[in-house]
Chemist: 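Provided herewith is a single structure, encoded as C-alpha coordinates, for subsequent inquiry.
All residue numbers in this chain count up from 1 along the given sequence.
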Amino acid sequence: RAAGFSFEALGPSLKRRRLAQDLTLEQLSDRSGYAVSSIFELESGMKVTFPKAAAICSALGVRLSTVLVEAERAVGTSSGGHRPARRTLR
(Lines give C-alpha, C1' and ligand atoms only; values in the text may rest on other atoms or scores of the structure.)
Protein backbone atom coordinates (compact mmCIF):
# COMPACT_ATOMS: atom_id res chain seq x y z
CA ARG A 1 0.00 0.00 0.00
CA ALA A 2 1.80 3.10 -1.22
CA ALA A 3 -0.11 5.57 0.97
CA GLY A 4 1.61 4.28 4.09
CA PHE A 5 4.95 3.52 2.57
CA SER A 6 8.14 4.24 4.51
CA PHE A 7 10.51 6.88 3.14
CA GLU A 8 13.42 5.11 4.77
CA ALA A 9 12.90 2.00 2.64
CA LEU A 10 12.46 3.45 -0.83
CA GLY A 11 15.69 5.46 -1.06
CA PRO A 12 18.06 2.65 -0.10
CA SER A 13 16.31 0.29 -2.54
CA LEU A 14 16.88 2.75 -5.37
CA LYS A 15 20.48 3.28 -4.29
CA ARG A 16 21.11 -0.50 -4.27
CA ARG A 17 19.74 -0.70 -7.80
CA ARG A 18 21.93 2.21 -8.96
CA LEU A 19 25.06 0.70 -7.43
CA ALA A 20 24.25 -2.76 -8.83
CA GLN A 21 24.38 -1.15 -12.28
CA ASP A 22 27.70 0.57 -11.42
CA LEU A 23 26.13 3.98 -11.98
CA THR A 24 27.33 7.15 -10.31
CA LEU A 25 24.92 9.81 -9.15
CA GLU A 26 26.11 11.90 -12.08
CA GLN A 27 25.34 9.16 -14.59
CA LEU A 28 21.88 8.61 -13.14
CA SER A 29 21.35 12.36 -13.21
CA ASP A 30 22.13 12.38 -16.94
CA ARG A 31 19.73 9.49 -17.55
CA SER A 32 16.88 10.79 -15.42
CA GLY A 33 17.07 14.54 -15.88
CA TYR A 34 17.15 15.12 -12.11
CA ALA A 35 20.00 16.94 -10.37
CA VAL A 36 22.55 14.91 -8.42
CA SER A 37 21.41 16.64 -5.21
CA SER A 38 17.81 15.65 -5.91
CA ILE A 39 18.75 12.00 -6.43
CA PHE A 40 20.87 12.06 -3.28
CA GLU A 41 17.90 13.43 -1.32
CA LEU A 42 15.68 10.70 -2.74
CA GLU A 43 18.18 7.93 -1.91
CA SER A 44 18.49 9.38 1.60
CA GLY A 45 14.71 9.43 2.08
CA MET A 46 14.65 13.19 2.61
CA LYS A 47 12.56 14.39 -0.35
CA VAL A 48 10.60 11.57 -1.93
CA THR A 49 7.91 12.16 -4.53
CA PHE A 50 6.22 9.68 -6.84
CA PRO A 51 7.17 11.57 -10.02
CA LYS A 52 10.84 11.71 -9.02
CA ALA A 53 10.90 8.07 -7.89
CA ALA A 54 9.17 6.98 -11.11
CA ALA A 55 11.69 8.91 -13.26
CA ILE A 56 14.62 7.37 -11.38
CA CYS A 57 13.11 3.91 -11.74
CA SER A 58 12.63 4.47 -15.45
CA ALA A 59 16.26 5.57 -15.79
CA LEU A 60 17.29 2.39 -13.95
CA GLY A 61 15.07 0.23 -16.15
CA VAL A 62 12.80 -0.98 -13.37
CA ARG A 63 9.15 -0.38 -12.50
CA LEU A 64 8.37 1.76 -9.48
CA SER A 65 5.99 -0.93 -8.23
CA THR A 66 8.85 -3.46 -8.20
CA VAL A 67 11.05 -1.16 -6.12
CA LEU A 68 8.17 -0.40 -3.73
CA VAL A 69 7.65 -4.12 -3.12
CA GLU A 70 11.40 -4.67 -2.62
CA ALA A 71 11.58 -1.79 -0.18
CA GLU A 72 8.55 -3.00 1.75
CA ARG A 73 10.13 -6.44 2.09
CA ALA A 74 13.40 -4.88 3.26
CA VAL A 75 11.56 -2.99 6.00
CA GLY A 76 9.87 -6.20 7.14
CA THR A 77 13.07 -8.24 7.27
CA SER A 78 15.40 -5.60 8.70
CA SER A 79 13.10 -4.92 11.62
CA GLY A 80 12.52 -8.57 12.46
CA GLY A 81 9.00 -8.33 11.12
CA HIS A 82 8.16 -5.26 13.19
CA ARG A 83 7.68 -2.26 11.00
CA PRO A 84 8.70 1.24 12.04
CA ALA A 85 6.24 4.11 12.14
CA ARG A 86 5.21 5.07 8.63
CA ARG A 87 5.10 8.37 6.86
CA THR A 88 3.10 9.10 3.75
CA LEU A 89 4.78 9.76 0.41
CA ARG A 90 4.38 13.32 -0.78
Chemist: With no hydrogens and no angle check, is any side-chain donor or acceptor of Ser13 less than 3.5 Å from a backbone partner on Ala9?
Modeler: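 Side chain of Ser13 to backbone of Ala9: a pair is present.
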Chemist: Should Leu23 and Arg31 count as side-chain neighbours, where that means a heavy-atom distance under 4.5 Å?
Modeler: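 Side chain of Leu23 against side chain of Arg31, heavy atoms only: contact under 4.5 Å found.
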Chemist: In Å and rounded to the nearest 0.5 Å, what is the CG to CZ distance from Leu60 to Arg18?
Modeler: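 Nearest 0.5 Å value for the CG-CZ distance: 8.5 Å.
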Chemist: Can you give me the closest heavy-atom contact between Leu68 and Phe50, atom names plus distance?
Modeler: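 That closest heavy-atom pairing would be CD1-CE2, 4.2 Å.
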Chemist: Please round to the nearest 0.5 Å and tell me the distance separating atom CE of Met46 and atom CD of Glu41.
Modeler: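 Answer for the CE-CD pair, Met46 versus Glu41, is 5.0 Å.
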Chemist: Charged N to carboxylate O below 4.0 Å: is that the case for Glu70 and Arg16?
Modeler: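 Not counted as a salt bridge, because no side-chain N and carboxylate O are separated by less than 4.0 Å.
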Chemist: Between Ser38 and Lys52, do the side chains contain an N or O donor and an N or O acceptor separated by less than 3.5 Å?
Modeler: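 Result is yes, a qualifying pair exists.
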Chemist: Please report the closest heavy-atom contact between Tyr34 and Ile39, naming both atoms and the distance.
Modeler: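 Shortest heavy-atom contact: O-CD1, 3.8 Å.
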Chemist: Which distance, rounded to the nearest 0.5 Å, do you find between the CD1 of Ile56 and the CG of Leu42?
Modeler: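 So the gap between those two atoms works out to 6.0 Å.
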Chemist: Quick one: side-chain contact (heavy atoms from CB on, under 4.5 Å) partners of Val36, sequence neighbours excluded?
Modeler: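 Leu25, Glu26, Ser29.
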